[in-house]
Amino acid sequence: MTELRGVGIGLGVAQGPVARMAEPLPAPDDGPSGLSGAEETARVREAVAAVARELEQRGAQAGGAAQDVLEAQAMMAEDPSLEAEIDTRIGAGRTAEFAVYDAFATFRDTLTAMGGYLGERAADLDDVAQRVIARLRGVPAPGVPDPGYPFVLVAKDLAPADTALLDLDKVLALVTTEGGPTSHTAILAREKSIVAVVGAVSATGLVEGEMVIVDAAAGVVTTEPSAEELERARNRAADRASAAAAPITPGALGDGTPVPLLANLGKPEGAVEAVALGAEGVGLFRTEFLFLSANQAPTVEQQRESYTQLLAAFPGKKVVVRVLDAGADKPLAFLNDAHEENPALGLRGIRALRASEDILREQLTALAEADAATDADLWVMAPMVATVEETEYFVAIARDYGIKTAGVMVEVPSSALLADRILVDADFASIGTNDLTQYTLAADRLLGSVAAFQDPWHPAVLRLIREVGDAGRIHGKPVGICGEAAADPLLAVVLVGLGATSLSMAPTALADVRASLLLYSLDDARTIAEAALAANDAASARDAARAAAARE
Ligand code: PEP
Ligand code: MG
């Protein structure tokens with residue numbers, strides 16, 4: 001068995017035989033055209049228009065985000081500057097096929113060079129070119145294969161037109177060798193809940209018909225799986241299906257110990273979906289997400305409006321709002337102006353707010369006003385707290401504004417190690433496992449080359465979490481988890497075993513975690529956590545927890 005790594009989209013797992021996407025059409029040759037320029041131009045116009053209309057039609061059929069993507073592609077096909085590029089080549093005596101091929105390639109290279117979001121759109125342009133050339137040649141456009149049985153689709157990167165209309169009865173999972181988590185393939189796979197691993201570079205070696213397991217939660221494609229692995233994957237898929245169908249109950253362990261399940265949100269509009277999926281409140285509202293593109297600090301009024309909208313969606317429920325966490329992966333123009341060699345270790349989070357205390361004061365004002373206008377139970381916390389002194393500072397300033405429940409995030413090892421002292425002042429702690437893992441393992445959370453270190457199952461991270469859990473128990477104060485770790489169904493059990501009293505996650509993960517917690521008692525959770533803690537590395541901790549869980 002071999003494991004191919006990529007970026008998993010969602011938490012699903014699926015298995016099946018590989019079917020590869022047809023290779024692109026061969027490049028047209030650069031020979032002179034036997035037709036007149038006018039004839040070639042007429043052929044191109046007809047082909048481009050036909051492809052654009054077909055894309056629009058597919059969009060209308062698919063609806064949702066897919067429709068937007070396909071309509072954008074149709075517009076790309078008929079872009080006037082692209083048309084001018086094609087005409088120039090036809091004017092120079094080229095065939096319509098070659099003119100399309102070459103003009104689109106030039107555009108694609110320009111987009112790729114821009115990188116980022118526009119770079120991700122390059123695949124969309126390739127797809128349009130292939131469709132136009134296929135039309136000119138009178139052959140079917142390359143697309144999703146149909147081997148006659150359900151399959152795992154393996155492609156370089158899928159065109160939106162193909163992803164949008166995937167027949168989910170036939171496509172068990174999707175693996176791409178290119179494309180990242182922000183590619184259209186990923187966006188559409190997420191929307192349609194297709195089990196997907198994208199950017200799995202080594203998947204180029206997968207051959208037609210071979211059996212694979214696609215584990216989106218782990219971002220892994222397993223080749224030549226053993227019978228035991230296949231069965232485990234099957235059981236997990238069945239568990240997910242029944243979790244999704246199970247009634248929504250308040251989060252709890254099997255022995256009735258309550259473990260409130262909360263939502264991580266970045267904008268108030270997300271509240272509706274979170275409530276529908278059974279969120280019992282909000283465990284992390286990332287306020288900086290509201291202002292990522294702002295050049296000026298937001299006004300008190302602007303903020304009050306957003307916070308009121310959020311709080312109003314959760315009457316009587318706990319809503320934990322984090323004050324602006326600016327810096328490193330989330331720079332805010334109005335808070336982070338200095339150049340720093342290592343922004344993750346720089347003036348970020350509470351440090352940046354302290355340096356611009358007016359902004360913190362205005363945010364607390366807006367929060368207190370929104371609180372007064374609504375019935376939610378508002379908790380406010382500070383990000384990236386590293387010392388007891390920072391805790392005292394934040395709790396005192398929050399109290400000045402009448403914030404009743406003020407806490408800190410534990411994302412830096414120093415604050416985990418001193419959690420017993422931090423919780424003297426703070427009303428609660430919320431562990432951000434994403435940053436806690438980054439700082440414990442000294443591995444940039446955005447850097448692919450060190451992604452293997454960014455694993456919250458690492459026993460060093462678990463030990464730090466236990467410190468905080470123990471401190472919470474001693475002081476009788478809540479300890480929440482709001483990093484991605486809380487969304488891993490088995491790790492969620494471990495976290496409760498280590499002392500977490502609530503778990504907050506992306507709303508789509510709630511059903512899986514709810515179902516997993518119900519399988520174990522608090523004693524079981526503690527035993528499973530001990531097994532993970534005793535391991536030497538993340539992979540063994542995961543295996544040890546699985547083995548212990550199977551015994552419970
Ligand atoms: C974390 O670090 O785990 C966390 C929840 O905060 P963010 O991901 O926003 O940095
Ligand atoms: Mg963080």
Side-chain angles (χ1 to χ4, degrees), residues 260-266 281-289 318-332 343-346 348-353 379-387 390-391 394-395 405-419 422-423 426-446 453-458 460-469 471-472 477-488 491-492 494-496 498-507 509 513 538:
L261 297 180
L262 310 166
N264 287 354
L265 295 180
V282 177
L284 168 64
F285 184 68
R286 292 177 160 109
T287 55
E288 63 282 358
F289 279 19
K318 165 169 142 184
V319 176
V320 185
V321 175
R322 170 170 79 186
V323 291
L324 296 168
D325 181 18
D329 50 319
K330 294 169 291 194
L332 292 180
L345 305 181
R348 58 169 308 193
I350 189 66
R351 302 172 189 176
L353 284 173
W379 297 22
V380 181
M381 64 184 180
M384 306 302 303
V385 168
T387 66
E390 282 178 337
T391 309
F394 179 72
V395 172
T405 313
V408 298
M409 288 194 72
V410 175
E411 305 178 273
V412 182
S414 59
S415 56
L417 291 167
L418 292 190
I422 279 178
L423 280 172
D427 295 322
F428 68 97
S430 180
I431 305 176
T433 50
N434 308 333
D435 277 311
L436 186 61
T437 308
Q438 151 165 272
Y439 293 123
T440 305
L441 277 304
D444 185 337
R445 64 191 262 190
L446 298 181
F453 288 94
Q454 182 69 29
D455 190 334
W457 276 96
H458 197 286
V461 179
L462 301 181
R463 258 199 210 187
L464 290 171
I465 295 172
R466 182 182 59 181
E467 289 289 329
V468 191
K477 292 188 174 174
V479 171
I481 309 278
C482 63
E484 291 301 310
D488 173 332
L491 186 49
V494 169
L495 296 169
V496 173
L498 295 172
T501 56
S502 67
L503 301 171
S504 190
M505 64 204 76
V513 172

| field | Contact check, side chains of Leu441 and Val461, non-hydrogen atoms, under 4.5 Å | value | yes

| query | Is there a donor-acceptor pair closer than 3.5 Å between any side-chain N or O of Thr437 and the backbone N or O of Asp455? | reply | no

| field | side-chain contact (heavy atoms from CB on, under 4.5 Å) assessment of Ile465 paired with Ile481 | value | CA-CA 9 Å; Ile465 295 172; Ile481 309 278; 4.2 Å; yes

| Point-to-point distance, once rounded to the nearest 0.5 Å, from CG of Asp488 to CG of Leu495 | 8.5 Å

| note | In this structure, CZ of Arg348 is separated from CG of Leu324 (nearest 0.5 Å) by 12.5 Å

| remark: Note: Arg351 and Gly346 closest approach over all heavy atoms is NH1-O, 3.1 Å

| message | For Leu464, run the side-chain contact (heavy atoms from CB on, under 4.5 Å) check against Ile431, Val410, Leu417 and tell me which one passes. | response | Leu417

| From CA spacing to verdict: side-chain contact (heavy atoms from CB on, under 4.5 Å), Lys330, Asp325 | CA-CA 7 Å; Lys330 294 169 291 194; Asp325 181 18; 2.9 Å; yes

| request: Decide yes or no for Val323 and Met409: does some side-chain heavy atom of the first lie under 4.5 Å from some side-chain heavy atom of the second? | output: no

| Tell me, do Val385 and Phe394 make a side-chain contact under 4.5 Å, heavy atoms counted? | no

| About how many Å separate OG1 of Thr501 and CZ of Phe428, when rounded to the nearest 0.5 Å? | 10.5 Å

| Nearest-0.5 Å distance that lies between atom CG in Asp329 and atom CD in Glu288 | 9.0 Å

| said: Restricting to non-hydrogen atoms, name the atom on Ser502 and the atom on Leu262 that form the minimum distance, rounded to 0.1 Å. | reply: OG-CD1, 3.9 Å

| task | Mind running side-chain contact (heavy atoms from CB on, under 4.5 Å) on Leu265 and Phe289 for me, showing each step along the way? | result | CA-CA 9 Å; Leu265 295 180; Phe289 279 19; over 6 Å; no

| query | side-chain contact (heavy atoms from CB on, under 4.5 Å) with Met384: which of Val408, Leu353, Val412? | reply | Val412

| message | Apply side-chain contact (heavy atoms from CB on, under 4.5 Å) to residues Met505 and Leu261 and explain how you reach the verdict. | response | CA-CA 8 Å; Met505 64 204 76; Leu261 297 180; 4.0 Å; yes

| request: Give a yes or no answer on whether the side chain of Tyr439 reaches the backbone of Leu345 with a donor-acceptor pair at less than 3.5 Å. | output: no

| query | Any side-chain heavy atom of Glu411 within less than 4.5 Å of one from Gln438? | reply | no

| Within-4.5 Å side-chain heavy-atom neighbours: Trp379 and Ser430 | no

| How long is the span from the NZ atom in Lys477 to the OG1 atom in Thr405, to the nearest 0.5 Å? | 10.5 Å

| Nearest non-hydrogen partners of Ala460 and Thr440, listed with the distance | CB-CG2, 3.9 Å

| Where do Val468 and Ala429 come nearest, in terms of heavy atoms and distance? | CG1-CB, 4.1 Å

| message | So which atom in Ala492 and which in Val513 form the shortest heavy-atom distance, rounded to 0.1 Å? | response | CB-CG1, 3.8 Å

| task | Taking atom CZ of Arg286 as the centre, report whether more than 12 heavy atoms of other residues, nucleotides or ligands fall under 6.0 Å from it. | result | yes

| request: Could you tell me whether the side chain of Leu418 reaches within less than 4.5 Å of the side chain of Thr391, counting heavy atoms only? | output: no

| request: Apply side chain to side chain donor-acceptor pair (under 3.5 Å) to Ser504 and list each qualifying residue two or more places apart in sequence or on a separate chain. | output: Asn264

| note | Correct closest heavy-atom pair for Cys482 and Met381 would be SG-CE, 4.4 Å

